[in-house]
Amino acid sequence: MSQKKESIVVRIAGAAGDGIASAADVFGRICARQGLHVTAYNSYQSAIRGGHVWYQLNIGSQKTLSHGEAPDVAILLNRTSPAVHIPQIKKGGVVLYNSSIIPDDLSSLRKDLTYYGLPFRELVKDPGVIAVMANTMLIGSLVQLLNLNPQVGLDFLSEEFTRKGDKVIQLNQLVFNTGVDWIKKNGKSLELQLNGDGIKRMLLNGNHAFGMGLLAHGLKFYAAYPMSPATGILHYLAQKAKSHKMVIKQTEDELAAINFVIGAAHAGVRAACATSGGGFSLMVEAVGLAGMMEEPIVVINVQRGGPSTGIPTKQEQGDLNLLLGASHGEFPRIILAPKDITDAFHTAGRALNLAEKYQTPVLILSDLYLSESFRTTEPFKVTLPIERGKVQTEAGSDYKRFLITEDGVSPRLIPGAPNGMYVSASDEHDEKGIVISDVLAGLPASLEIRNKIQAKRMKKLEVARTEDMQLPTVSGPEKADLTLLGWGSTYDAIEEACQILNANGHKVNHLHFTDLFPMPEGVHELLKNCKEIIGVENNFTSQMCRLIRAETSYHVQRTINRYDGEPFTGEDIANRIKKEMTHV
Amino acid sequence: MSQKKESIVVRIAGAAGDGIASAADVFGRICARQGLHVTAYNSYQSAIRGGHVWYQLNIGSQKTLSHGEAPDVAILLNRTSPAVHIPQIKKGGVVLYNSSIIPDDLSSLRKDLTYYGLPFRELVKDPGVIAVMANTMLIGSLVQLLNLNPQVGLDFLSEEFTRKGDKVIQLNQLVFNTGVDWIKKNGKSLELQLNGDGIKRMLLNGNHAFGMGLLAHGLKFYAAYPMSPATGILHYLAQKAKSHKMVIKQTEDELAAINFVIGAAHAGVRAACATSGGGFSLMVEAVGLAGMMEEPIVVINVQRGGPSTGIPTKQEQGDLNLLLGASHGEFPRIILAPKDITDAFHTAGRALNLAEKYQTPVLILSDLYLSESFRTTEPFKVTLPIERGKVQTEAGSDYKRFLITEDGVSPRLIPGAPNGMYVSASDEHDEKGIVISDVLAGLPASLEIRNKIQAKRMKKLEVARTEDMQLPTVSGPEKADLTLLGWGSTYDAIEEACQILNANGHKVNHLHFTDLFPMPEGVHELLKNCKEIIGVENNFTSQMCRLIRAETSYHVQRTINRYDGEPFTGEDIANRIKKEMTHV
Amino acid sequence: MSEAKDFNHETHPDWCPGCGDFGLLQALKKTYPLLNLNPHDLMTVSGIGCSSNLPGFINTYGMHTLHGRSLPIAQGFKLGNHKMTVVAVGGDGDGYGIGVGHLVHAMRRNVDITYLVMNNEIYGLTTGQTSPTSDLGMKTKSTPFGNPEVPINPLTLALASGCGFVARVYTGHIPQLVEILKKAIEHQGFALVDTFSPCVTFNKVNTHEYFKTNTVDIQKEGHDPSDIYAAYKQATRTDKIATGIFYQNVRSCYEATEEETLAEPLYRHKLGLTEEEQAKLCAEFI
Amino acid sequence: MSEAKDFNHETHPDWCPGCGDFGLLQALKKTYPLLNLNPHDLMTVSGIGCSSNLPGFINTYGMHTLHGRSLPIAQGFKLGNHKMTVVAVGGDGDGYGIGVGHLVHAMRRNVDITYLVMNNEIYGLTTGQTSPTSDLGMKTKSTPFGNPEVPINPLTLALASGCGFVARVYTGHIPQLVEILKKAIEHQGFALVDTFSPCVTFNKVNTHEYFKTNTVDIQKEGHDPSDIYAAYKQATRTDKIATGIFYQNVRSCYEATEEETLAEPLYRHKLGLTEEEQAKLCAEFI
Ligand SMILES: Cc1ncc(C[n+]2csc(CCOP(=O)(O)OP(=O)(O)O)c2C)c(N)n1
Ligand SMILES: Cc1ncc(C[n+]2csc(CCOP(=O)(O)OP(=O)(O)O)c2C)c(N)n1
Ligand code: SF4
Ligand code: SF4
Ligand SMILES: [Mg+2]
Ligand SMILES: [Mg+2]
């Protein structure tokens with residue numbers, strides 16, 4: 001091909017503790033600041049040191065839709081990584097490494113690659129230097145290899161180390177330049193068409209977006225117990241607690257976290273919590289409490305590989321069933337699954353609004369891939385005004401907390417108003433909140449109250465279904481031969497797959513769910529009009545397809561399931577589809 | 001009608017603390033011992049004293065299929081009960097009461113009833129007498145009213161009070177006879193055809209049957225935290241602990257209960273626990289642990305009115321979704337819902353067998369109605385031999401706890417054998433049990449292990465589906481115009497409804513699920529062949545119909561839902577069907 | 001100025017006649033006016049149990065929540081609106097059984113709430129099983145051969161967990177109870193009052209009579225509530241059942257660590273960001 | 001006769017070089033032979049955390065379970081097979097945070113298991129958040145402005161909860177650790193050993209150096225482990241960090257209450273009933 005590549009996949013690999021994440025961050029930011037697009041995924045394990053960790057960055061002039069499959073360039077940081085990663089590099093690719101750490105002859109592993117071994121210990125002799133700075137040198141060499149502007153790197157380093165003083169800045173810049181110069185002298189930059197558009201985008205992950213989205217939309221109370229891959233939200237918000245006057249609370253467990261949130265929400269505060277599947281499992285009882293007491297809470301479940309502790313640092317979309325069935329008995333809940341980082345920001349705000357509009361738990365499904373992969377993203381702007389629903393701070397003469405209304409939503413009095421005293425109970429109650437399970441249950445009058453108040457609560461589900469739930473998006477050619485059906489975080493990967501397939505002469509489009517429950521009317525219509533559907537899910541049992549079937553009877557018979565803990569890429573999906581297609 | 005009634009509905013009503021349950025027990029046992037059939041339901045509230053409590057017994061020469069709707073005879077025990085219950089009595093019915101407690105003129109409430117007010121204080125002057133004995137007098141009067149054999153009552157009392165000595169026996173018999181004699185003198189026995197068949201049946205409830213079923217099938221360890229309506233199982237087993245050498249443990253909460261059970265199961269002990277929805281919600285995380293570690297555990301969820309604390313002493317089938325979605329991630333589970341008390345006994349044994357056969361959690365769905373209503377039942381005989389599946393106490397040279405096998409089940413070594421040391425982990429692991437999430441996750445070899453071991457676990461679901469799950473039963477006319485679809489405890493009530501409707505010239509049959517998940521092949525076939533189906537569920541959202549749709553695409557469009565906390569009766573269902581039919 | 005009757009609720013308590021919980025209810029109604037608290041100043045939070053029904057019987061704001069979870073909810077509420085006085089109530093099963101983990105953490109966390117446990121040494125609402133404070137050997141429905149576990153001592157537990165106000169009292173001793181409740185609510189930080197509140201229906205051992213006979217007021221004996229070791233000894237003495245204030249020690253409460261944020265109650269904060277603030281947050285990632 | 005090397009596992013610990021947990025692992029391997037225990041006599045149960053990975057690094061039977069739930073599982077296992085020696089291990093978050101409720105109840109219940117907490121005063125595996133034993137004011141990822149909560153004192157908690165064996169030791173002091181582990185496992189009933197096991201990666205305050213400098217062996221100072229008040233004082237002293245056996249008191253363990261049932265281990269019981277036994281059960285309801 002004569003046309004130069006407009007994107008490139010870089011992998012940085014080593015062991016936990018080798019500083020891979022921060023090297024990837026430095027490199028990613030350098031790219032982002034030149035207006036390039038970045039998608040970066042950290043493949044790590046449940047160990048703090050050692051093992052095999054790698055960060056893969058897909059850099060492009062256009063938006064990169066996944067972190068890519070095989071890398072074009074690999075930076076290898078320790079002696080065990082060549083054996084693992086060299087076989088995976090694209091034909092004709094490049095390997096950068098520190099030959100002071102890896103003295104081996106790597107070329108014996110594969111002949112088609114170009115190897116650049118930079119002898120860090122010889123090249124940098126400054127007494128202030130520390131081992132991990134070799135990463136900076138290798139980033140320098142990478143920048144030069146890709147023909148990026150080194151000045152952006154130097155500027156970034158000087159900002160990054162401002163607080164550590166000039167000495168540290170200078171040393172880092174020196175090391176960086178060493179890498180740049182070494183490639184200039186001993187290597188050859190790749191022929192690429194990597195042109196930034198000059199727009200400075202954020203480089204952040206989904207957890208940052210959730211955190212910022214909550215904050216920007218009025219969050220004032222957040223409680224959590226650490227659990228990967230949800231902890232990033234806690235870390236983000238904790239840092240903003242003082243500047244933005246929020247109470248951010250690490251509690252003793254997840255049972256406490258969600259119940260703290262219910263308490264705060266009851267006080268009239270916008271409140272949320274996040275966890276992963278295991279923590280959510282512990283929150284199940286309280287989700288029903290919020291449903292029964294009609295408390296506006298938001299719970300984010302960042303899925304990871306299950307079941308049980310499972311593969312905690314790996315990807316899965318395995319908790320949809322859990323959220324659908326969470327808590328005994330019946331009450332309204334809303335489940336949203338944002339499709340990308342920008343959507344995560346806005347969904348956080350939307351969830352806070354919906355929780356207050358319907359006074360019921362709103363559950364957000366994220367996953368490790370969405371929450372922890374980094375993307376270049378346009379700065380967020382709040383587009384959704386904060387709407388707090390039927391809320392009041394003063395009580396009329398005959399205030400009823402659970403007043404039966406047409407839409408099932410009752411005016412919510414913030415406690416503290418004179419004369420408004422009421423009790424919110426987990427026991428069944430009448431419109432005033434007076435418990436009917438104690439001495440009245442089973443009497444004819446209570447049967448009627450029960451029927452009415454249960455119907456009132458469930459009404460909210462129907463109103464939400466018609467007023468707020470969005471149909472899945474459809475993208476790609478209208479009359480496609482094949483429709484890929486996905487939900488949540490797989491959006492971009494499926495888009496990428498469509499691009500690949502359509503470039504190959506297929507006619508494939510993409511139907512994508514973000515509003516999972518209650519499911520809006522019209523889904524069956526949409527599906528029926530598709531010629532052939534393949535469900536693409538990062539799980540074993542196709543939970544979304546099952547939900548669709550339960551709601552619409554439509555049976556998505558062909559599915560692609562990935563449950564090894566890895567996220568999809570477009571290439572991966574496209575390959576699987578091609579295989580599937582031969583069976584059509 | 002010239003034919004005499006073969007069954008009669010009796011209600012005993014008063015306040016909590018009035019001794020209603022024991023009066024009902026005495027009366028029920030007297031009937032059962034004459035070979036009559038009894039179905040008895042206790043309508044109570046979440047208060048220890050006061051309120052309105054009533055016990056309703058449906059007594060018949062033939063099997064009574066529900067506790068009946070309006071009572072023929074009512075025994076009223078306190079002054080607030082006439083106003084509540086007299087309006088509900090069948091036309092021409094009889095009221096028995098203690099006129100020393102209720103001095104009021106009841107006949108002003110309704111003219112069509114016969115009122116027998118027995119002045120306890122005047123009739124029984126023995127100084128040893130206590131107030132609650134008035135109940136015994138009223139039972140005596142009831143026995144005479146129904147023309148039952150008083151000697152059976154006298155015998156029962158003498159057995160019942162053996163331990164309290166002759167004095168107490170005599171006094172109770174005296175009081176009982178006072179009631180008998182009073183009716184003889186002042187009243188008139190009803191014209192009934194209540195003929196016992198002389199067979200002595202047990203009078204017991206579903207919790208007794210679960211308890212005995214577990215015990216009879218090898219249960220050795222049981223842990224629970226009290227929660228109505230499941231606590232009866234704990235009470236039953238606790239009493240049998242010493243005589244049957246079981247460890248029956250009340251733990252600090254439900255989290256502990258299920259985890260104790262997992263520990264004991266791992267040791268090689270048949271172990272189970274039971275709770276209600278709220279407690280099950282807390283067990284959700286551990287259910288997934290058992291799935292991942294492949295531990296054979298049995299968990300019984302006795303449903304009650306939800307959501308949250310809800311109406312804790314009332315009936316609902318509201319937790320099916322919870323059980324289907326319990327725990328994050330994906331693993332095999334089996335869900336069974338016995339249809340009556342006899343089935344409860346056998347299902348307990350079957351669940352213990354299946355748990356060990358598949359080394360995975362088996363969940364039983366009961367509910368307040370099945371667990372707490374009393375029925376005359378033929379004595380149980382164990383029909384299912386205890387089968388412990390692939391279990392071994394000695395380890396071969398290269399023992400692998402999670403060996404990949406055709407049916408997904410690996411040989412389970414009971415810990416303690418020399419040379420068999422293995423670790424069972426909640427983290428993903430290889431066949432030997434070595435964790436792959438720590439330093440290996442994401443490497444090509446681990447992806448393969450993960451895929452295989454996850455598929456191995458999930459395989460068990462498919463094997464269970466074909467080897468063990470039973471299709472729903474179909475009863476009634478083959479080519480029916482209408483099929484009533486139910487699950488679990490509503491079996492008898494739906495049967496009764498069919499009888500009523502078919503007696504009225506309709507042609508209705510009954511399709512009933514007990515094996516809910518995994519759903520066996522062939523359900524769609526069965527449903528498709530029905531002319532018209534109405535789903536009958538004791539919940540708001542028709543959870544079983546939803547499960548059927550998710551599994552088969554079959555949409556049961558017409559449903560009857562009762563969610564006021566009351567159990568169905570045949571009459572109730574038949575009435576609702578009749579209403580529905582007018583819309584056909 | 002409020003009066004006791006302002007706290008009367010239209011719902012008559014459904015407790016058994018003679019239940020010890022009536023004593024606490026009555027004492028609360030007497031105490032609040034002494035502290036100048038109005039019904040709308042108060043949030044009563046409970047779990048599940050006979051005792052946890054209390055919020056439905058007193059005219060204040062209330063939350064009647066989940067078994068064992070009253071403390072997380074009460075703390076969350078307090079942080080959301082720390083101008084209200086938050087009183088958490090419940091049973092021994094609720095607080096010392098299923099909820100004991102939250103209790104231990106709440107005591108060290110020291111959010112300014114008052115926790116009143118109606119300890120009847122039995123599970124009342126579920127009709128009489130062993131509770132974590134039931135006597136060793138006690139026969140109950142779940143332990144027909146006797147409770148095999150040594151009971152929890154809520155007082156030593158509180159002392160060991162950094163609780164700054166630790167008291168115990170029998171609910172039949174209303175004046176002592178009112179006195180202690182007053183001090184507990186006034187105490188800045190987490191206060192635990194364990195109340196002996198007899199279950200007349202299911203506990204035939206620890207009866208009103210029993211507590212009338214066996215308790216002693218340690219304040220009358222001159223106990224020094226600043227001496228933690230003396231408190232440990234009182235809490236474990238066997239000659240008599242000690243009641244009174246065992247320990248009091250004022251330390252900075254949790255809210256103080258959020259002083260700036262809580263200058264105004266959280267629920268009254270203005271929500272949302274200016275465009276500049278939003279842009280600044282974004283800029284951190286560029 | 002077993003030797004330390006019998007307990008070596010094919011899997012090399014994935015702990016960070018220098019992690020304190022290596023000390024406990026090493027000490028366990030030394031202790032078991034002293035007690036004549038073979039690998040197959042032992043069941044090691046853990047929750048989730050760096051420390052909870054230990055069962056995968058030692059050649060015994062093991063269960064690596066859920067965060068905070070090791071104790072219920074360990075107790076359930078022990079009751080199922082009380083002939084095996086059950087050692088529960090885990091972190092401070094696992095045992096004193098999410099799991100503290102189970103701990104309090106396990107201590108009073110007194111099932112004969114040994115519980116070893118690798119207390120690094122931080123959440124290791126989740127990369128450095130505040131733990132329930134983190135110092136007041138400590139800056140962590142979840143508390144960048146300082147930990148606002150007073151830490152739990154596991155020792156006073158244990159003393160207050162009826163624990164019959166209460167010890168603390170730094171994992172760098174192997175001989176003392178082995179000595180204490182031996183006594184803890186020999187102790188009949190629940191034994192708690194809190195071990196200072198530094199997290200070299202995320203806790204830069206409570207380091208090896210810190211414990212080497214600041215600990216003192218109270219046995220060497222002549223502490224009397226039968227005196228519970230002395231134990232409370234040692235557990236709260238501020239001049240030095242006390243280590244050693246704070247308290248030991250042998251009381252009847254839980255298994256004793258099930259003596260007849262457990263004459264044979266539960267898992268070996270014959271299952272099922274004779275027809276007569278079954279009929280007798282049914283007869284009770286006739
Ligand atoms: C999660 C959960 N488990 C169990 C129950 C059942 N339950 C209700 S009250 C109660 C215990 C009551 O004892 P206590 O807290 O001492 O209150 P009391 O009734 O004695 O006042 C239990 C176990 C429940 N509601 N929720
Ligand atoms: C229910 C649940 N919540 C949260 C987590 C995440 N998690 C894993 S380990 C851990 C805490 C680790 O701290 P600690 O127990 O002190 O062990 P350490 O790693 O410090 O040895 C947490 C919160 C989890 N696995 N399960
Ligand atoms: S059962 Fe006991 S605790 Fe409950 S109300 Fe009655 S006396 Fe009080
Ligand atoms: S992170 Fe800390 S606790 Fe975990 S292995 Fe490393 S040093 Fe040990
Ligand atoms: Mg109690
Ligand atoms: Mg730790």
Side-chain angles (χ1 to χ4, degrees), chain A residues 32-33 200-204 208 212 215-218 220-221 223 240-242 245-247 249 251-253 255-257 259-271 285-286 289 293 377 379-382 386 414-427 434-435 438-439, chain C residues 10-12 14 38-45 48 53 55-56 59-66 68-81 83-84 101-102 104-106 109 258 260-269 271-273 275 277-279 281-286:
Chain A
R33 286 185 173 200
K200 288 191 179 176
R201 296 184 183 80
M202 303 187 287
L203 183 65
L204 83 178
H208 297 134
M212 204 193 296
L215 193 172
H217 294 87
K220 281 286 151 186
F221 186 87
K240 301 284 173 248
K242 300 282 176 205
K245 296 206 194 307
M246 301 177 291
V247 174
K249 186 80 215 86
T251 55
E252 59 269 28
D253 60 17
L255 297 162
N259 283 299
F260 262 81
V261 163
I262 289 172
H266 190 80
V269 172
R270 286 206 147 185
E285 191 194 18
L289 176 70
M293 299 208 314
T377 306
F380 302 132
K381 288 212 163 56
V382 171
I386 291 172
I414 303 303
N419 305 318
M421 282 73 68
Y422 65 92
V423 178
S424 287
S426 65
D427 275 271
I434 292 178
V435 162
D438 278 9
V439 292
Chain C
E10 57 177 287
T11 307
H12 182 76
D14 62 3
N38 297 301
H40 64 268
D41 299 326
L42 281 149
M43 171 55 75
T44 316
V45 183
I48 295 293
N53 290 349
N59 188 37
T60 70
Y61 283 97
M63 298 178 82
H64 180 183
T65 70
L66 294 174
R69 312 297 160 211
S70 62
L71 289 179
I73 291 180
Q75 293 170 85
F77 182 87
K78 180 74 180 184
L79 294 174
N81 181 350
K83 296 289 178 198
M84 281 178 77
H102 300 308
V104 165
H105 290 290
R109 184 174 296 130
E258 298 280 7
E260 269 185 60
T261 301
L262 298 184
E264 194 170 7
L266 213 50
Y267 81 100
R268 282 214 221 111
H269 285 211
L271 304 189
L273 304 177
E275 271 182 39
E277 286 169 327
Q278 175 63 41
L281 287 176
C282 291
E284 289 175 14
F285 292 100
I286 294 174

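These numbers were taken from a predicted model, which means no experiment stands behind them.
Atom CE of Met293(A) is separated from atom OG of Ser426(A) by 7.0 Å, given to the nearest 0.5 angstrom. Between atom OG1 of residue Thr261(C) and atom CE of residue Met246(A) there is a gap of 8.5 Å, rounded to the nearest 0.5 Å. Between Asp41(C) atom CG and Met421(A) atom CE the span is 9.5 Å, to the nearest 0.5 Å.
When Ala32(A), Ala264(A), Ala257(A) are compared by the number of non-hydrogen pairs under 4.5 Å with chain C, Ala264(A) comes out ahead. Ranked by heavy-atom pairs under 4.5 Å with chain C, the first of Val435(A), Thr377(A), Asn419(A), Leu215(A) is Leu215(A). Of the listed residues (Lys240(A), Arg33(A), Lys242(A), Lys249(A)), the one with the most heavy-atom contacts under 4.5 Å to chain C is Lys249(A). For chain A, the option among Thr60(C), Asn81(C), Thr11(C), Leu71(C) with the highest count of heavy-atom pairs below 4.5 Å is Thr60(C). Of all the listed residues (Lys78(C), Glu284(C), Arg69(C)), the one sharing the greatest number of non-hydrogen pairs under 4.5 Å with chain A is Arg69(C). Heavy-atom pairs under 4.5 Å with chain C peak, among Pro379(A), Ala417(A), Ala223(A), at Ala417(A). With chain A as the partner, the residue from Glu264(C), Met84(C), His102(C) showing the most heavy-atom pairs under 4.5 Å is His102(C). Options Val382(A), Asp427(A), Val261(A) differ in how many heavy-atom pairs under 4.5 Å they form with chain C, and the most are formed by Asp427(A). Interface summary for chain A: among Val45(C), Val104(C), Leu262(C), Leu79(C), the most heavy-atom pairs under 4.5 angstrom belong to Leu79(C). Interface remark: of the candidates Arg109(C), Glu275(C), Glu258(C), Arg109(C) forms the most heavy-atom pairs closer than 4.5 Å to chain A.
In this structure, the side chains of Pro415(A) and Tyr422(A) come closer than 4.5 Å at one or more pairs of heavy atoms. Between Leu289(A) and Ile73(C) there is a side-chain heavy-atom pair separated by less than 4.5 Å. The shortest side-chain heavy-atom distance between Met202(A) and Phe380(A) falls under the 4.5 Å cut-off. Inter-residue side-chain proximity for Phe221(A) and Phe260(A) is flagged as met; some heavy-atom pair is nearer than 4.5 Å. Between Gln278(C) and Lys381(A) there is no side-chain heavy-atom pair separated by less than 4.5 Å. For the pair His64(C)/Val423(A), a side-chain contact is recorded, criterion being any heavy-atom separation below 4.5 Å from C-beta on.
Residues passing the side chain to side chain contact (heavy atoms under 4.5 Å, CB included) test with Glu260(C) are Lys245(A), sequence neighbours excluded. For Lys200(A), the salt bridge (Lys or Arg N to Asp or Glu O under 4.0 Å) test picks out no residue, with sequence neighbours left out.
For Ile48(C), the part lying under 4.5 angstrom from a heavy atom of chain A is the side chain only. Proximity to chain A (any heavy atom under 4.5 Å) is shown, for Leu42(C), by neither the backbone nor the side chain. Looking at Ala265(A), there are no atoms closer than 4.5 Å to chain C (heavy atoms on both sides), in backbone or side chain. With a threshold of 4.5 angstrom between heavy atoms, Arg201(A) approaches chain C through N, CA, C or O but not through any side-chain atom. Both the backbone and the side chain of Val247(A) come within less than 4.5 Å of a heavy atom in chain C. Both the backbone and the side chain of Leu204(A) have a heavy atom closer than 4.5 Å to some heavy atom of chain C. Only the side chain of Ile386(A) comes within less than 4.5 Å of a heavy atom of chain C; its backbone N, CA, C and O stay farther away. Only the side chain of His269(C) comes within contact range of chain A, with at least one heavy atom under 4.5 Å from a heavy atom of that chain. In this structure, chain A has a heavy atom under 4.5 Å from the side chain of Glu10(C), while its backbone stays farther away. For Ala216(A), the parts sitting under 4.5 Å from any heavy atom of chain C are the backbone and the side chain alike. Using a 4.5 Å cut-off between heavy atoms, Arg268(C) does not touch chain A at all. For Asn59(C), the parts lying near chain A are the backbone and the side chain together; criterion is any non-hydrogen pair under 4.5 Å. With a 4.5 angstrom heavy-atom cutoff, Met43(C) touches chain A only via side-chain atoms.
Evaluated for a side-chain contact (heavy atoms from CB on, under 4.5 Å) with Pro72(C), the options Asp253(A), Asn259(A), Thr251(A), Leu255(A) yield exactly one hit, Asn259(A).
In this structure, a donor-acceptor pair under 3.5 Å is absent between the side chains of Arg270(A) and His217(A).
Ring centers of His208(A) and Phe285(C): under 6.0 Å apart, within the cut-off.
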